[in-house]
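Note sheet for the following structure.
Indexing begins at 1, ligand by ligand and atom by atom, following the structure's order. Owing to the predicted nature of the structure, the values given are computational and were not obtained by experimental measurement.
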Amino acid sequence: MSEDIRVRFAPSPTGPLHIGGVRTALYNFLFAKKMKGSMILRLEDTDQKRFVHGAEQYIKESLEWAGIHLDESPWNEGSFGPYRQSERKGIYKQYTDQLLADDKAYYAFDTAEELDEMRERLQNAKVANPQYNAITRMQMKNSLTLSKEEVAAKLANNEPYVIRVKIPAKEEVRLHDIVRDWVMVHSSTLDDKVLMKSDGMPTYHLANVVDDHLMKITHVIRGEEWLPSAPLHVLLYKYLGWQDTMPKFAHLPLLLKPDGNGKLSKRDGDRLGFPVFPIQGSFPDGKGNEESFSGFRETGYLPDALSNFIAFLGWNPGTEQELFDQSELIEAFSLERVNKAGTKFDIEKAKWYNQQYLKAKSSKELINMLDSQLKEDSIDLDKARLEIIAEMLRERITFSGDLKNIALTFLNRPDSYVEKVVKKKWTREAVNILDEYAKRLPLLDHQVFSATEAKVLLEQILEENGINIGRVMQALRLAVTGQGGGPDLMQIIEVLGKVETSERILVALSTLEGNIKE
Ligand code: GLU
């Protein structure tokens, strides 16, 4: 291969990673693996004010859970480190020095009040979008308007300053995006963004471009919200003399609310009753409170199902196939098949994927899942019983926790009976059959008690009494589980065993004695 493909996911540790961020990471990962390249994670933590404790760990854990393997990261350094921008602080100054020397950047000494004044002045003059740009900079306090001596004196005096990029007044900036094709922006719409802050820290724009260059990033795959920054990045590559090795861009479509009405936000999840974060957590909300949120992991989604679901949020393989495990996704993925239009977040589809992945689990995996879930409740079943339950529930579960939740509906003795079913189905004729069934069940002397034996005995009693099975089944279920519906009753009876089943029926018969419908 002529070029080593290197991509990066570059989150800022300012809070939990949203599901949109996981998608960006996944697309980077799929592309890197497809191209036999490297997937890098770089933490963009230059904005100290927005730093949130625990966010780094959250990002790490989320990606690990989602199966997104990182070839280089702050936790697994390669030869392009450090991978936290705060640890690269010393690297950036030489590049602002270069831009200053080449007249592509300048010092700006304006105070916060002076900047406010400028904005006010422009607003009063009905300027739609007041910004520090090619026109307004000439009225401000910077190295373009002050004399060389004044600038030197201010610097010598340690007066606070920022370094701003000098955006050309009239220039067409063209950039090619793999998803959007050519994007053209006129430089008059861009402002002179700050590259270096007064605390000596680079801003996102400078650090991002410098690091992508130094880390030999070949493709920048990121969310659409970064598209407006891309023209500035293109100019910076040009000014720094890196145009020939500038990465290719791919800006991913927005994730929309389920009704398509605007961008999916962090708040939508719990408002609409589904998670929008990979794993549950709790983070400061910026107003001094802790805000906790649910996660896909804790809701009972399998990581493979989630990956498959989010891979399709903005990409499709161009065929009818919907189920792709990770290696199939890698094989099928291409940036050319990423859509431009925003994608609605359809949680029903996520559930469907989860059902498919649960259904496809091996018997052994389901048994182990169920076993460890039941053990949390100190329920220890033998393998044969676990297997019956797991197989009985395979087609009925949406989330992994449903295994235990459904199992508990019949493993525990009923403490009540669904009233509607009692009223309709607790008939004299059913009660008579149940009574006999309860008495004869424990007498069965088969070596193995199975659903078949349980059924044969029931049918025998029904036949002796000339009664159709349809007239007693629900009453039997009610007596054994307290419920009006659920998984295969004969299999439940097999799991419970003949003695327990018989006892449950006897308890129901005495509890519901006064409720018999004559
Ligand atoms: N630090 C930016 C973020 O938080 C990275 C954007 C990019 O990928 O260039 O998403």
Side-chain angles (χ1 to χ4, degrees), residues 5-32 38-52 54-56 58-60 62-63 68 70 72-74 80 82-89 92 165 175-180 183 193-195 197 201-237 240 242 246-255 263-266 276-278 283 286 310 314 335 338:
I5 300 291
R6 291 175 58 82
V7 298
R8 86 311 190 259
F9 176 52
S12 299
T14 53
L17 189 62
H18 184 243
I19 199 70
V22 181
R23 184 194 59 173
T24 302
L26 179 69
Y27 282 20
N28 273 283
F29 169 77
L30 295 177
F31 180 70
S38 301
M39 164 75 174
I40 291 115
L41 183 135
R42 181 177 70 231
L43 268 189
E44 303 211 321
D45 58 349
T46 55
D47 196 347
Q48 305 283 317
K49 286 197 292 293
R50 297 182 57 216
F51 179 83
V52 171
E56 176 175 330
Y58 184 91
I59 293 167
K60 180 170 184 270
S62 298
L63 297 181
I68 299 175
L70 304 169
E72 297 166 34
S73 75
F80 293 85
Y83 291 82
R84 279 185 201 90
Q85 284 182 332
S86 57
E87 292 167 14
R88 301 171 65 82
K89 207 176 156 189
Y92 307 104
V165 62
L175 76 105
H176 187 262
D177 183 279
I178 299 171
V179 177
R180 280 143 228 278
V183 179
K193 284 263 180 316
V194 173
L195 300 178
K197 291 176 283 189
M201 277 295 229
T203 57
Y204 155 71
H205 301 290
L206 178 72
N208 187 270
V209 165
V210 167
D211 287 345
D212 280 349
H213 173 74
L214 296 179
M215 294 181 168
K216 293 202 171 8
I217 299 302
T218 56
H219 293 74
V220 165
I221 304 168
R222 61 186 172 193
E224 184 179 304
E225 62 274 28
W226 301 101
L227 187 60
S229 301
L232 166 61
H233 297 179
V234 169
L235 286 175
L236 287 174
Y237 281 106
L240 289 164
W242 301 333
M246 183 170 81
K248 295 187 174 64
F249 291 102
H251 287 91
L252 308 177
L254 290 178
L255 286 190
K263 206 174 136 180
L264 181 73
S265 85
K266 300 189 176 186
V276 292
F277 294 98
F283 278 92
I310 59 178
L335 288 173
V338 171

Open item on the list: Could you check whether R6 makes a cation-pi contact with F80, meaning its NZ or CZ is under 6.0 Å from the centre of the six-membered ring and within 45° of the ring axis?
Closed with: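 Cation-pi check for R6 and F80: passes.
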Tell me: protein heavy atom nearest [atom], and distance?
atom	answer
atom 2 (C) of ligand 1	A10 O, 3.3 Å
atom 3 (C) of ligand 1	W226 CZ2, 3.3 Å
atom 1 (N) of ligand 1	E44 OE1, 2.7 Å
atom 4 (O) of ligand 1	S12 OG, 3.2 Å

Open item on the list: Tell me whether R8 reaches ligand 1 (any heavy atom closer than 4.0 angstrom to a ligand atom).
Closed with: yes
Open item on the list: Using a 4.0 Å cutoff against the non-hydrogen atoms of Y204, which atoms of ligand 1 qualify?
Closed with: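 Result: 2 (C), 5 (C), 6 (C), 7 (C), 9 (O).
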- [ ] Answer with side chain, backbone, both or neither: which part of N208 has a heavy atom less than 4.0 angstrom from an atom of ligand 1?
- [x] side chain
TODO: Classify the contact between F9 and ligand 1 as side chain, backbone, both or neither, using a heavy-atom distance cut-off of under 4.0 Å.
DONE: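 No part of F9 comes within reach of ligand 1.
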TODO: Flag the pair H219 / F31 as yes when their ring centroid distance falls below 6.0 Å, and as no otherwise.
DONE: yes
Open item on the list: When you compare the side chains of E44 and Y204, does any donor N or O come within less than 3.5 Å of an acceptor on the partner?
Closed with: no
Open item on the list: Salt bridge or not between E72 and R8? Use side-chain N to carboxylate O under 4.0 Å.
Closed with: no
Task: Close side-chain approach of F9 and Y27, heavy atoms under 4.5 Å - done: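 No, side chains not in contact.
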